[in-house]
Amino acid sequence: MAEQASDRYDAGQLEEKWQREWDERGTNTFSEERMRSPSDPYYNLMMFPYPSAEGLHVGNIYAFTGADVHGRYQRLRGREVFEPMGFDAFGIHSENFALKVGVHPMDLIPANVANFTRQLRRMGGMFDWNRTVDTTTPDYYRWTQWLFLQLFKGGLAERKEAPVNWCPSCMTVLANEQVIAGLCERCDTPVEQRHIAQWFFKISDYAQRLLSNLEGLDWSATTRKAQENWIGRSEGALLRFPVLGEGSDESQLEVYTTRPDTVFGATYMVLAPEHPLVPEVTSPEQREAVEEYRAQASRMDLVARRKVEQSKTGVFTGGHCRNPATGERIPIWIADYVLMDYGTGAIMAVPGHDERDFDFATAFGLPIPRVVAAEDADADTLLTEAFTGSGRLVNSGRFDGMDTESGGRAIVDWLAERALAEPRINFRLHDWCISRQRYWGPPIPIVHCDACGPVPVPEEELPVVLPRVDDFKPDDSGVSPLARVEDWYRTSCPECGAEARRETDVSDTFLDSGWYFLRYPSAHSDDAPFDPDLTRTWLPVDCYIGGNEHAVLHLLYSRFLTMALHDLGHLDFEEPFTKFRAHGLIVREGAKMSKSRGNVVIPDAIIERHGADSFRLYLMFLGPFEEGGDYRDQGIQGPVGFLKRLWSSVVPVEGLRESDPDPEVERKLHQTIEQVGRQLPGLQYNTSIAAMMEYLNVVRAEGRTPARSEVEPLVVLIAPFCPHIAEELWARLGHEESIFEGANWPDFDPAKLQEEVVTLAVQVNGKVRATLEVPLGITEEAAMQRAKEEPNVARYLDEAQVRRVIFVPDRLLNLVVA
RNA sequence: GCCGGGGUGGCGAAACGGUAUACGCAGGGGACUUAAAAUCCCCCGGGCUUCGGCCCUUGUGGGUUCGAAUCCCACCCCCGGCACCA
């Protein structure tokens, strides 16, 4: 027997030893052959981190540990678990930090990645370091560019001049998703509007499918709901209002409404200030006022523009439409409460039944007729506020008396006969702007040629390498720093050979992270982004765990890209993540952790002091994994003590009894195996750990000496949480192989779960008056007999008559007395 | 405003409609120790008590039920998503 280390539990020394062993034995690494023909593959994915200079924070460790526990459990069950890790290192975050500290990102990132790797090993994750991904390497972003080209060729990428969100502080364009209430999500600077030619992915073409597929996904309810809200489907109708022009050619104003039933109450129209028909409908007398208002609106930043509380403003254009239902001539206004990027950018205003229209009509003295009446009102009941509920139609010609729902349908049908209406489904989801006027990202692989227009870079010429540029600071010009690097952007047109210019914008980081899970299994593949066989074998991902802050960004884009690649013939599935679980948030002593508060938990320090196993165990014990928990500094003492007791219950192994387990202990053991095995797959980690603690308390009760058969299964149960100590104890118990090699998860025997004696609660009128220790399976009659012998029960029965008896076998006897 | 999730001891939290407060932290008492740390044992929701027990308690108020933290209705508060979205 090899020289045994000390019998003292030294977490640091032992964890280092096992991390080295795993590396040397290749415990967590797939050979090329096993990768290609695994017996029972399980792809266990977690959201790869952005490698910041500060290193891993507790939130990362919490998420990764929860996912790692899941992966290790699957492995102990016999699955072949692929658990990769990588780095999402492109993007504005890294770039801004690099600017701040004055180090080039190409120098900064590798150092951060090295530090992250060290920390990730130290926390004991089961990562396959042989297949890792760094989005900033040309090996990777070559394929990010390839992906762009596929979408371009598939007609899903288009370049258009568009009003975009411009952050004057970050000096870049932001996606709608990155604008929170009109502010830049990164620096809280008010966002401005700019008009720039941008590349967009047509995710809105997929809105309905992205929504419909949600139903079949095994995802956290909160995440699904967030996507549902974000996609924002609504049902209504497109209505056409003929413009009453002085000339002969009548154009039409199209509006989208969810309330076609109220069209008889539309007393005016409102266009967004940016609406293209504004010049056409504006009368000469009003032109000056209209132009002034439009100029003002375009200057206004989006915060002010979207502020709900402010009072309504607008200007009459001097033009008129005909209400297609009433035939009346109604005025056309422009107002900034109508947004160009939703629906058609124009509305029919129904002040009687829409709050915003009501406010506007009140402010400008426009008529407010009633066209819907609820039970307590009739056609003439005055409206003192907008009535938005349902009811019966009134003042609506032949539709009077119909309810709002069927009336709406009937009105659409009626108008449709004259081609003035059609049913319409509208989505809130906008196309995905992927252009970034920054430096730290993959160049968009397009060449602009005066003769040929935008031409894709031939695939065999990928990657378009991001050049090392020392002056990578963005400026206010609205173009990327790459536009200053002439010898880089000057090139020839791939089609006609003429002098041409490279696209100087780089792509959004969410494009990098939108497909990384496809790359992991194929990380060694040089001739394709993802090898068809490996992809068929390993994907879709079996379980994905991550934060809900990515519910509508990363997760929606990943689904869209997967769907698009499926349609383009590159993948045979269209949903990337079979199961997704959002983990909760960790707070500290009841307060959110933040650098500015100075209350962040530093993982390195805790691991140094207590070991990774204790830290992992504590994080998983804090609260339900999917709800998060409160990190209290003292709290780790519980898990620390538990591991010490576990250690001293096994070591030295010569001290263990080799006899059969005690029946009492054995029963508790089987109950524990049953509970942990049931709760672990559901990520109910905190209660699983509590069950193991309870079991160890039974094993050690009154200082008894444990039997090997009592503790050996516990070593396996704890292994997903505390892999190092489990390996060490497993080895000391005489096993040669890693505990994670082979399916070592213990079975329980249902026959051994049942107690022989159960505690029966005796109630009188629903109140517990006694508890009885009775043999399992006691009959109602016998239980009655025993209950009546209890003085504290008998005294309630003395004067009363038992009118009813409720008997729940082996649990409870309730005597209902008069 | 709409849509999710939640409100249980001093604290983190458990609890198929069936003994509310498992497990752990903190706190109190004790053992061991010259002492401390570590370890081990006991107590630990509130009030009353003749020490047998009794009453109250899961955000608030109602309801269903033999029995409700759990189901139903109304309301209050906290967290998250969407939001001048027509």
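Every chain is numbered from 1 and lettered A, B, ... according to where its sequence line falls, protein lines coming before strand lines.
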Toward the 5' end of RNA chain B, by each residue's nearest nucleotide, A:Lys767 or A:Pro639: A:Pro639

Would you say A:Glu385 has more than 12 foreign heavy atoms packed within less than 6.0 Å of its CD? no

Over 60° means perpendicular and under 30° means parallel, so tell me whether A:Tyr62 and A:Phe625 are parallel, tilted or perpendicular. tilted

Between OH of A:Tyr337 and P of B:A86 the distance, given in whole Å, is 13 Å

Could you measure between the two P atoms, the one in B:G47 and the one in B:G1, and give it in whole Å? 41 Å

Same-atom distance (C1') from B:U21 to B:U57, integer angstrom: 11 Å

Pairing stems for RNA chain B [at least three consecutive pairs; Watson-Crick or G-U; under 3.5 angstrom]: B:1-7 with B:76-82, B:10-12 with B:23-25, B:27-31 with B:39-43, B:45-48 with B:53-56, B:59-63 with B:71-75

Taking the C1' atom in each of B:C76 and B:G27, what is the distance between them to the nearest angstrom? 33 Å

Checking all strands, does A:Thr759 fall into the base, sugar-phosphate, or nothing category for heavy-atom contacts under 4.0 angstrom? base

On the nucleotide B:C54, are OP1 or OP2 found under 4.0 Å from the side-chain N or O atoms that A:Tyr796 carries? yes

Between B:G10 and B:U19, how far apart are the P atoms? Round to whole Å, please. 22 Å

Check A:Val263 against A:Asn323 and note the closest heavy-atom contact, atom names and distance. O-ND2, 2.9 Å

With rounding to whole Å, what would you report as the distance between B:A26 and B:G45 at their C1' atoms? 15 Å

From CA spacing to verdict: side-chain hydrogen bond (donor to acceptor under 3.5 Å, both in side chains), A:Thr344, A:Glu254: CA-CA 7 Å; A:Thr344 62; A:Glu254 291 195 324; over 6 Å; no

Between atom CD in A:Glu589 and atom C1' in B:C25, what is the gap in whole Å? 11 Å

Base, backbone or nothing for each nucleotide of nucleotides 37-52 of chain B, written B, S, -, heavy atoms under 4.0 angstrom, 5' to 3'? -SSS------------

Taking all heavy atoms of A:Ala335 and all of A:Pro273, pick out the closest pair and write down the distance. O-CD, 3.3 Å

Compare every heavy atom of A:Ser204 with every heavy atom of A:Leu429, then report the nearest pair and how far apart it is. O-CB, 3.8 Å

Base, sugar-phosphate or nothing for A:Thr771? Non-hydrogen atoms, less than 4.0 Å. base

Is A:Arg588 touching bases, backbone alone, or none of the nucleic acid, heavy atoms closer than 4.0 Å? nothing

Expected label for B:G61 (glycosidic angle, syn inside 90° of 0, else anti) would be anti

Salt bridge (charged side-chain N to carboxylate O under 4.0 Å, His left out) against A:Arg224, all qualifying residues, sequence neighbours excluded: none

State the syn/anti category of B:G81 according to its glycosidic angle, syn meaning within 90° of 0. anti

Integer-rounded Å distance: B:C82 P and A:Asn229 CG: 7 Å

Would you say A:Asn548 places a side-chain N or O within less than 4.0 Å of OP1 or OP2 belonging to B:C79? no

Please work out if A:Ala221 contacts a base, only the sugar-phosphate, or nothing of the nucleic acid, heavy-atom cut-off 4.0 Å. nothing

Under 3.5 Å, side chain of A:Arg581 to main-chain N/O of A:Ile545, donor-acceptor pair present? no

Do A:Phe510 and A:Trp432 have ring centres separated by under 6.0 Å? no

How long is the line joining OH of A:Tyr631 and P of B:C25, in whole Å? 14 Å

Between B:C82 and B:A74, how far apart are the P atoms? Round to whole Å, please. 27 Å

Aromatic contact, A:Phe360 with A:Tyr268 (centres under 6.0 Å): yes

What pairs of donor and acceptor atoms, side-chain ones from residues 626-635 of chain A against any protein atom, are under 3.5 angstrom apart with sequence neighbours left out?
residue: A:Asp630; atom: OD1; partner: A:Glu589; partner atom: N; Å: 2.7
residue: A:Asp630; atom: OD1; partner: A:Gly590; partner atom: N; Å: 2.9
residue: A:Asp630; atom: OD2; partner: A:Gly590; partner atom: N; Å: 3.0
residue: A:Asp633; atom: OD1; partner: A:Arg588; partner atom: NE; Å: 3.2
residue: A:Asp633; atom: OD1; partner: A:Arg588; partner atom: NH2; Å: 3.2
residue: A:Asp633; atom: OD2; partner: A:Arg588; partner atom: NH2; Å: 2.8

Atom pair distance, as rounded to whole Å: CG in A:Asp336 and C1' in B:A86: 15 Å

Distances for protein N or O near nucleotides 6-16 of chain B N or O, under 3.5 Å:
residue: B:C11; atom: O2'; partner: A:Arg632; partner atom: NE; Å: 3.0
residue: B:G12; atom: O2'; partner: A:Leu622; partner atom: O; Å: 2.6
residue: B:A13; atom: O3'; partner: A:Asn686; partner atom: ND2; Å: 3.3
residue: B:A14; atom: OP1; partner: A:Asn686; partner atom: ND2; Å: 2.8

In plain terms, say whether A:Glu664 and A:Lys668 are close enough for a salt bridge, that is, a side-chain N and a carboxylate O under 4.0 Å apart. no

Tell me: CD1 of A:Ile231 to P of B:G81, nearest whole Å? 17 Å

Interatomic distance at P, B:C55 relative to B:A20, whole Å: 12 Å

Does the side chain of A:Tyr342 get closer than 4.0 angstrom to OP1 or OP2 of B:A86 through an N or O atom? yes

Identify each atom pair where a protein N or O and an N or O of nucleotides 61-70 of chain B are less than 3.5 Å apart, giving names and distance.
residue: B:C66; atom: OP1; partner: A:Arg804; partner atom: NH1; Å: 2.8
residue: B:C66; atom: O2; partner: A:Asn814; partner atom: ND2; Å: 2.4

Separation of A:Gln671 atom CD from B:A22 atom C1', in whole Å? 13 Å

Quick one about A:Arg424 and A:Tyr256 (side-chain donor to acceptor, distance below 3.5 Å, no hydrogens or angles considered), yes or no? no

Regarding B:C82, can its base be found pairing with the side chain of A:Lys225 as donor and acceptor, where the two atoms are less than 3.5 Å apart? no

A:Leu555 CG to B:G81 C1', straight-line distance once rounded to whole Å: 14 Å

Rounding to the closest angstrom, what is the interatomic distance between B:C16 and B:C11 at atom C1'? 28 Å

On RNA chain B, check which nucleotide each of A:Gln634 and A:Val768 is closest to and give me the residue with the more 5' one. A:Val768

Run through A:Thr262, A:Leu366, A:Thr267 and flag the one making a side-chain contact (heavy atoms from CB on, under 4.5 Å) with A:Pro351. A:Thr267

Out of B:A86, B:C55, B:C23, minimum distance to the side chain of A:Ser234 belongs to B:A86

Below 4.0 angstrom from OP1 or OP2 of B:A22, is there any side-chain N or O of A:Lys668? no

Taking C-beta and beyond as the side chain, do A:Met784 and A:Phe807 meet within less than 4.5 Å on heavy atoms? no

Classify the nucleic acid contact of A:Asp359 as base, sugar-phosphate or nothing, counting any heavy atom under 4.0 Å across all strands shown. nothing

side-chain contact (heavy atoms from CB on, under 4.5 Å) between A:Phe642 and A:Cys722, intermediate numbers included: CA-CA 11 Å; A:Phe642 172 76; A:Cys722 308; over 6 Å; no

Check this for me, if you would: do A:Asp261 and A:Arg409 make a salt bridge, where the nitrogen-to-carboxylate-oxygen distance has to be below 4.0 angstrom? no

